Every structure is written in structure tokens, then in C-alpha cells.
Asks: 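This is the structure I have questions about; it appears just below.
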Amino acid sequence: MQPVTWINIFDVPADRAEGFSAIWHDVFAPHFSAKPGFISYRMHRATSPDARFRFVNVTLWESAEHIAAAHDERFRELVSRPELDGITAHPGIYEILSEG
């Protein structure tokens with residue numbers, strides 16, 4: 001079975017980029033990496049201050065069911081943190097269309 005790719009892009013105000021980066025690495029990365037079915041992730045940060053989506057996370061999972069299970073009650077608690085107010089995520093599962 002081929003891994004499933006979960007891509008999540010984030011609208012993060014420029015003045016909150018450092019805080020978002022810290023909470024991702026300190027809270028969310030450990031949460032997801034401890035879940036069954038997790039394979040790996042790469043968090044990307046835009047190099048341009050004008051980028052609409054300042055952060056893009058690409059995560060590989062064993063299945064879509066594993067992704068759903070990782071977004072559990074604990075995850076919902078984590079995303080309700082006040083320091084995440086005003087940050088918008090745009091997640092989705094993607095398949096490879098072509099490679100070069």
C-alpha cells in the first residue's frame with residue numbers, strides 16, 4: 001500500500017510566524033509523530049514575507065484512516081489554544097499526479 005500525503009497550508013500573520021513555528025514544533029509535531037500510521041513530515045516556511053501561505057506542512061501517513069484517527073480529542077484541544085486564534089489551516093489529502 002502506498003503512503004497517503006496530507007498537505008496543510010497555513011495563513012499565519014507575519015507578526016505571529018515565530019510563535020506559530022514554535023507551537024508547531026513543540027506541540028503538534030510530537031502529537032502527530034506519536035500516532036499510529038505516521039511516517040514523516042516536512043514543515044516548509046515561505047522565504048518571501050509577501051507569501052499568502054507562510055507555512056506548508058507535508059505529512060506522509062500509512063492511510064487516510066490513520067490521518068482521521070490522529071485528529072482526535074487531544075488534537076481538538078490543541079487547536080483550541082488561544083495563541084492559534086486567527087490562524088487558518090487549509091488541509092487535504094493529495095495524490096501524486098506526476099513526478100519529474
Side-chain angles (χ1 to χ4, degrees):
M1 178 182 247
Q2 186 165 349
V4 176
T5 303
W6 173 262
I7 300 176
N8 201 350
I9 56 177
F10 299 92
D11 282 320
V12 179
D15 63 337
R16 298 187 49 211
E18 293 306 319
F20 176 79
S21 180
I23 198 168
W24 173 263
H25 289 97
D26 295 345
V27 177
F28 289 99
H31 170 80
F32 288 121
S33 63
K35 295 296 182 180
F38 173 85
I39 298 172
S40 66
Y41 83 90
R42 287 185 172 182
M43 177 61 87
H44 302 262
R45 183 178 185 162
T47 58
S48 169
D50 299 343
R52 175 175 176 198
F53 300 112
R54 198 165 308 283
F55 294 91
V56 176
N57 180 43
V58 179
T59 309
L60 296 179
W61 293 86
E62 290 179 15
S63 71
E65 292 78 19
H66 284 104
I67 296 169
H71 290 81
D72 57 11
E73 183 61 34
R74 176 66 180 138
F75 171 79
R76 287 186 287 283
E77 290 172 13
L78 295 173
V79 297
S80 68
R81 297 169 71 124
E83 59 265 44
L84 295 175
D85 288 348
I87 294 173
T88 307
H90 306 275
I93 295 174
Y94 291 79
E95 64 184 5
I96 297 170
L97 182 59
S98 64
E99 291 185 282

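Residue numbers run from 1 in the order of the sequence given. Quick caveat, the model's predicted, so the values are computed rather than measured.
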Asks: Quick one: does Glu95's side chain get under 4.5 Å of Thr5's, heavy atoms only?
Replies: no

Asks: Which atom names give the shortest non-hydrogen contact between Asn8 and Pro91, and what distance separates them?
Replies: OD1-N, 3.2 Å

Asks: Checking Met43 against Phe10 for the side chain to side chain contact (heavy atoms under 4.5 Å, CB included) test, could you report, in this order, the C-alpha distance in whole Å, the side-chain angles of both residues, the deciding distance, and whether it holds?
Replies: CA-CA 11 Å; Met43 177 61 87; Phe10 299 92; 4.1 Å; yes

Asks: Against His90, only a single residue in Phe55, Trp6, Phe53 fulfils ring-ring contact (aromatic ring centres under 6.0 Å, His included); can you say which?
Replies: Phe53

Asks: Pro13 and Gly86: which non-hydrogen atoms are nearest, and at how many Å?
Replies: CD-O, 4.2 Å

Asks: So which heavy atom on Pro36 is nearest to which on Trp61, and how close?
Replies: O-CZ3, 3.8 Å

Asks: Can you tell me how far apart OG (Ser33) and CD1 (Ile39) are? Round to the nearest 0.5 Å.
Replies: 13.0 Å

Asks: Should the heavy atoms of other residues, nucleotides or ligands under 6.0 Å from CZ of Arg76 be counted, would the total exceed 12?
Replies: yes

Asks: Heavy-atom distance under 4.5 Å between the side chains of His31 and Asp72, does that happen here?
Replies: yes

Asks: Flag yes if more than 12 heavy atoms outside Glu77 fall under 6.0 Å of its CD atom; otherwise flag no.
Replies: yes

Asks: Hey, any chance Ile7 and Trp24 share a hydrophobic cluster, counting ILVMFWY side chains that come within less than 4.5 Å of each other, even indirectly?
Replies: no

Asks: Taking a hydrophobic cluster as the set of Ile, Leu, Val, Met, Phe, Trp and Tyr residues connected by side-chain heavy atoms closer than 4.5 Å, whether directly or through intermediates, do Ile9 and Tyr94 fall within one such cluster?
Replies: yes

Asks: Within the distance-only criterion (no hydrogens, no angle test), does the side chain of His66 pair as donor or acceptor with the backbone N or O of Lys35 below 3.5 angstrom?
Replies: no

Asks: Quick one: pull up NE2 in His44 and CG in Asn57 and give me the separation to the nearest 0.5 Å.
Replies: 7.5 Å

Asks: Step by step, work out the side chain to side chain contact (heavy atoms under 4.5 Å, CB included) result for Arg45 and Val12.
Replies: CA-CA 11 Å; Arg45 183 178 185 162; Val12 179; over 6 Å; no

Asks: Would you say Val56 ends up clustered with Phe38 if hydrophobic residues are merged whenever their side chains have heavy atoms under 4.5 Å apart, either directly or through other cluster members?
Replies: no

Asks: Checking Leu84 against Phe28 for the side chain to side chain contact (heavy atoms under 4.5 Å, CB included) test, could you report, in this order, the C-alpha distance in whole Å, the side-chain angles of both residues, the deciding distance, and whether it holds?
Replies: CA-CA 12 Å; Leu84 295 175; Phe28 289 99; 3.7 Å; yes

Asks: Looking at every heavy atom in both Arg54 and Ser48, which two are closest together, and how far apart are they?
Replies: NH1-O, 4.2 Å

Asks: Find out if a path of hydrophobic residues (ILVMFWY) with successive side-chain heavy-atom gaps under 4.5 Å connects Val27 to Ile67.
Replies: yes

Asks: Taking the side chain from Asp11 and the backbone from Ile87, do they hold a donor-acceptor pair closer than 3.5 Å?
Replies: no

Asks: Can you confirm if the aromatic rings of Tyr41 and Phe32 lie within a centre distance of less than 6.0 Å?
Replies: no

Asks: Which ILVMFWY residues can you reach from Leu97 by hopping between side chains whose heavy atoms are under 4.5 Å apart?
Replies: none

